[in-house]
Number of protein chains: 2
Amino acid sequence: MSRGKARAALLVELEEAMRRSSAQGVLYGQAVANIAGISNSDLECLDFLNLEGRVTAGRLAEVTGLTTGAITGVVDRLEKAGYVRRERDEADRRKVFIVVVPEVTAKIGQFYVPMQQAMQKVWSGYSEEELRLLLRFALDGYKGVLEATEALKAVIDTPPEKRANPKMPKARR
Amino acid sequence: MSRGKARAALLVELEEAMRRSSAQGVLYGQAVANIAGISNSDLECLDFLNLEGRVTAGRLAEVTGLTTGAITGVVDRLEKAGYVRRERDEADRRKVFIVVVPEVTAKIGQFYVPMQQAMQKVWSGYSEEELRLLLRFALDGYKGVLEATEALKAVIDTPPEKRANPKMPKARR
DNA sequence: CTAATTATCTTAGTGGCTAAGATATATACT
DNA sequence: AGTATATATCTTAGCCACTAAGATAATTAG
């Protein structure tokens, strides 16, 4: 206990640092969307499509939290700009798969280069063993955020008077 | 080289894992805004105010990338809902400081509880030494994202034909 | 003390979003 | 098979937050 920071204090700092970098990450995404001349939602969908490859319109609505009507608009704009194509599912002709057009989508990729370079630079300061720890944490963290998103839905169903009333994570200054 | 993952492969995995969790984090924020009944931008500003405490309208415009006109709207809505107050700077009466009303803002805090709990759970799986490494990384990462945001502005000023044309970070499947 | 600058607000117009319902296809029931 | 119900996407009307441009008010520079 005498040497090293007390664990509780460490966690507070960790939380604040992660909130700050995540907020800044959001801003980076907004800047990319602005520069690329597409809306935030459009870019969010395009990013997801790049991770998943081939996704139905309905799935896009699920993961973004937008209505299916809004997704129709998103896909219309992305398709018009050439980033994606619609592909009817031959097995179930109600479904529409959205697939990226990699040659065109690559134009967006350049706006992520500064972020990738900055991250490479950060990572260069860590040993392979440390990077493995970071990977473990990133994977754990992803699961955690998914869980939290689920749990948040439970909060909605809890009547307000039964909820805890915690302080907003507050500033220190 | 024979044991442990090759560093390059590790970095690719790390990047994907971090992109996924960051995307999911964005969704969590959107869900909070929906439940709280305020817009994404309003919540983003409120979060920033909670970190910084007391901030001018103009600074809010800077950090969010919104126009000052849009910020007027944000602050109007937040003020009407009781989350913040406007405070004229007595030294320079053009400026308006926006200050949070903690008692009211606490109502939003509850929606972050699931996230905090999930993160506590994740962090419980790490030793104090490991947490210190994570903190170092979170701080480095924040600096990195800030740098990247700056560097992105440089990309805008580079004529398109002089830019590299990298592939979009692509899926593996 | 006039001009230029800075900080916020106002206004008009636009675009993406939701809610509700239409359309088309698939599945379940009798 | 044939009818009802469910599912997936699209369409439409209306709303709200955003931008761009300019107005207002206060400060700083010459």
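In the text below, chain A, chain B and the rest are named by the order of the sequence lines, each starting its count at 1. In what follows, every heavy atom counts, from backbone to side chain, and hydrogens, waters and symmetry copies are set aside.
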Using a strict 4.0 Å threshold on nitrogen-to-oxygen distance, state whether B:E16 and B:R20 make a salt bridge.
yes
Residue pair A:D42/A:A91 against DNA chain C: nearer the 5' end by closest nucleotide is A:D42
Send over the distance from A:N40 CG to D:dA17 P, rounded to a whole Å.
16 Å
What's the CG-P distance between A:D89 and C:dA24, to the nearest Å?
18 Å
Should B:R77 be listed as having a side-chain N or O under 4.0 Å from OP1 or OP2 of D:dA17?
yes
Nearest-Å distance for atom pair CD/C1', residues B:E90 and D:dA26:
13 Å
Mind listing the closest non-hydrogen atom pair of B:L49 and B:V84 along with its distance?
CD1-CG1, 3.8 Å
Roughly how many Å is it from CG in B:N34 to C1' in C:dA19, rounded to a whole number?
14 Å
Taking it one step at a time, do A:S41 and A:T64 satisfy side chain to side chain contact (heavy atoms under 4.5 Å, CB included)?
CA-CA 8 Å; A:S41 296; A:T64 56; over 6 Å; no
Given A:K143 and A:E147, is the salt bridge (Lys or Arg N to Asp or Glu O under 4.0 Å) satisfied, shown in steps?
CA-CA 6 Å; A:K143 277 202 311 192; A:E147 271 177 44; over 6 Å; no
Could you check how far CZ of B:R93 sits from P of D:dA25, rounded to whole Å?
12 Å
Nearest 0.5 Å, please: how far is CD1 in B:I71 from CG in B:D76?
11.0 Å
For C:dC17 and A:T67 - does any side-chain N or O of the residue sit under 4.0 Å from the phosphate oxygens OP1/OP2?
no
Within 45 degrees of the ring normal and closer than 6.0 Å to the centroid, is that where the cationic atom of A:R136 sits relative to B:Y126?
yes
Report all interatomic pairs (protein N or O, nucleotide N or O of nucleotides 8-14 of chain C) with separations under 3.5 Å.
unit_1 : atom_1 : unit_2 : atom_2 : d
C:dT8  : OP1    : B:A57  : N      : 3.3
C:dT8  : OP1    : B:V96  : N      : 3.2
C:dT8  : OP1    : B:V96  : O      : 3.4
C:dT8  : OP2    : B:G58  : N      : 2.6
C:dC9  : OP1    : B:R86  : NE     : 2.9
C:dC9  : OP2    : B:T72  : OG1    : 3.3
C:dC9  : N4     : B:T68  : OG1    : 3.1

Nearest-Å distance, CG (B:L60) to P (D:dC18)?
12 Å
